[in-house]
A.B. asks: 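Right, I'll just put the structure down here and ask away after.
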Amino acid sequence: MTAFGTVSLLMDFVYEGARSITGPLLASLGASALVVGVVTGTGEAAALGLRLVSGPLADRTDASGRGPSPDTR
């Protein structure tokens with residue numbers, strides 16, 4: 001369990017680090033504020049959309065991904 005937590009922490013570092021430099025990187029390449037806003041907004045919208053789709057899908061499958069998991073209520 002500690003390994004999963006460590007991997008999750010490291011993934012968060014990478015994700016947040018990459019997300020924080022997107023705007024300045026695009027600006028240094030000459031992008032306008034509008035372009036920076038559209039690119040970062042589109043990325044956030046795509047991430048939210050994937051979470052909305054993958055969350056319920058993960059809830060409906062078991063850990064092996066072979067189909068519905070038993071109802072545990």
A.B. asks: Can you name the side chain to side chain contact (heavy atoms under 4.5 Å, CB included) partners of S32, sequence neighbours left out?
C.D. replies: L34, V35

A.B. asks: List the atom pairs, donor and acceptor, that lie under 3.5 Å between side-chain atoms in residues 48-57 and the rest of the protein, sequence neighbours left out.
C.D. replies:
residue	atom	partner	partner atom	Å
S54	OG	L50	O	2.8

A.B. asks: Hey, could you give me each pair passing salt bridge (Lys or Arg N to Asp or Glu O under 4.0 Å) that has a residue in residues 17-26? Not counting sequence neighbours.
C.D. replies: E16-R19, R19-E44

A.B. asks: Under 3.5 Å, side-chain donor or acceptor atoms of residues 2-9 against the rest of the protein: list the pairs with distances, not counting sequence neighbours.
C.D. replies:
residue	atom	partner	partner atom	Å
T6	OG1	T2	O	2.9

A.B. asks: Quick one: side chain to side chain contact (heavy atoms under 4.5 Å, CB included) partners of L25, sequence neighbours excluded?
C.D. replies: S28, L29

A.B. asks: Looking at every heavy atom in both V36 and A31, which two are closest together, and how far apart are they?
C.D. replies: CG2-CB, 4.1 Å

A.B. asks: Could you give all pairs that pass the salt bridge (Lys or Arg N to Asp or Glu O under 4.0 Å) test and reach residues 26-42, with sequence neighbours left out?
C.D. replies: none

